[in-house]
Amino acid sequence: LGVLLSVPSAENANKINGLGARRNGPGQRPPRRVVTSTPVLARVRPLDSPSMAEQSAARILVIEDHADTRRFLESMLGREFEVLVSENAVLGIELARNQRPDLILLDLGLPDVPGETVAREIRRATATPILILTAKASEEERIGGLQLGADDYVTKPFSPQEVVLRVQAILRRDRKS
């Protein structure tokens with residue numbers, strides 16, 4: 001079994017600490033407020049996992065602003081890889097620099113910085129393979145993404161199995177070079 005590391009969101013932390021669950025009566029201290037930063041999730045797999053041996057603990061960074069898609073990708077890829085996730089470009093670039101992922105899945109429609117800018121920034125700093133996973137589906141957008149230096153481009157909605165196979169193929173090619 002893997003272990004899921006997570007920093008709780010402020011909303012969940014407040015639920016855990018009982019905020020909103022009760023009113024303060026006379027003489028009661030107000031509940032403690034918990035302030036958290038952007039959640040960062042990572043799946044840590046045991047060393048004896050068969051996929052760990054096959055993939056040599058490949059680390060995948062997912063930069064995706066939609067929470068449901070982010071959680072789905074983390075769950076799906078977490079079966080075979082160590083997964084880091086970011087909900088925005090700034091944290092994603094920081095994780096790309098500090099955590100040295102083996103591959104980056106990048107959404108182009110990020111709220112804080114355009115994904116194209118993120119791809120350029122990452123490409124300037126590293127040769128880490130980039131798989132763009134986005135709703136931008138026109139031929140011009142796909143060609144533009146590949147010209148930015150992406151190693152592959154998948155449009156949403158996507159097939160989970162196809163994404164996993166493309167990730168495996170990119171990692172296999174990258175390890176051979």
Atom CD in E64, atom CZ in R71: separation rounded to 0.5 Å?
-> 11.0 Å

Please lay out, stage by stage, how E139 and R142 fare under the test salt bridge (Lys or Arg N to Asp or Glu O under 4.0 Å).
-> CA-CA 5 Å; E139 181 181 13; R142 291 190 318 265; 5.4 Å; no

Partners of T155 by side-chain hydrogen bond (donor to acceptor under 3.5 Å, both in side chains), sequence neighbours excluded?
-> none

Going through the distances and angles, do Q147 and I143 end up as a side-chain contact (heavy atoms from CB on, under 4.5 Å)?
-> CA-CA 6 Å; Q147 287 175 334; I143 290 169; 3.8 Å; yes

Does a salt bridge link E94 with R97, judged by any charged N lying under 4.0 Å from a carboxylate O?
-> no

Which is it for L133 and V62 under the side-chain contact (heavy atoms from CB on, under 4.5 Å) test, yes or no, and what are the steps along the way?
-> CA-CA 9 Å; L133 186 62; V62 176; over 6 Å; no

Heavy-atom closest pair, residues S86 and R70 | O-CD, 3.6 Å

Stepwise side-chain contact (heavy atoms from CB on, under 4.5 Å) check, T128 with L61 = CA-CA 10 Å; T128 301; L61 170 60; over 6 Å; no

Examine I170 and L148 and state if one hydrophobic cluster contains both, with Ile, Leu, Val, Met, Phe, Trp and Tyr joined whenever side-chain heavy atoms are less than 4.5 Å apart.
-> no

For D102 against A58, the heavy-atom pair lying closest together | OD2-CA, 3.1 Å

P101 and A96 have their tightest heavy-atom pair at CD-O, 3.5 Å

N-O pairing of R166 and E162 below 4.0 Å | yes

Between D107 and H66, the two heavy atoms sitting closest are OD2-ND1, 4.3 Å

Mind checking whether L84 and R59 have side chains closer than 4.5 Å, heavy atoms only?
-> yes

Are L165 and V83 in one and the same hydrophobic cluster, where Ile, Leu, Val, Met, Phe, Trp and Tyr link if side-chain heavy atoms are under 4.5 Å apart?
-> no

Distance in Å, T69 OG1 paired with M76 CE, rounded so as to fall on 0.5 Å steps = 10.0 Å

Could you go through the side-chain contact (heavy atoms from CB on, under 4.5 Å) check for L77 and V164 one step at a time?
-> CA-CA 7 Å; L77 293 169; V164 170; 4.1 Å; yes

Inter-residue atom distance I60.CD1 - E82.CD, 0.5 Å rounding | 9.5 Å

Please report the closest heavy-atom contact between I104 and I63, naming both atoms and the distance.
-> CG2-CD1, 3.9 Å

Counting only N and O atoms by type, is there a donor-acceptor contact under 3.5 Å from the side chain of E121 to the main-chain atoms of T117?
-> no

Work out which heavy atom in L110 is nearest to a heavy atom in G115; give both atom names and the distance.
-> CD1-CA, 4.4 Å

Enter the distance from I122:CD1 to I93:CD1 here, rounded to the nearest 0.5 Å.
-> 6.0 Å

Got a second to check how far I132's CD1 is from L106's CG, nearest 0.5 Å?
-> 6.0 Å

Any donor and acceptor pair, going by atom type alone, linking the side chain of D112 with main-chain N or O of V90 inside 3.5 Å?
-> yes

Just jot down the side-chain contact (heavy atoms from CB on, under 4.5 Å) partners of D174, sequence neighbours excluded, or say none.
-> P129, S177

Using the rule that two of Ile, Leu, Val, Met, Phe, Trp, Tyr join whenever any of their side-chain heavy atoms come within less than 4.5 Å, decide whether V113 and I130 are in one cluster.
-> yes

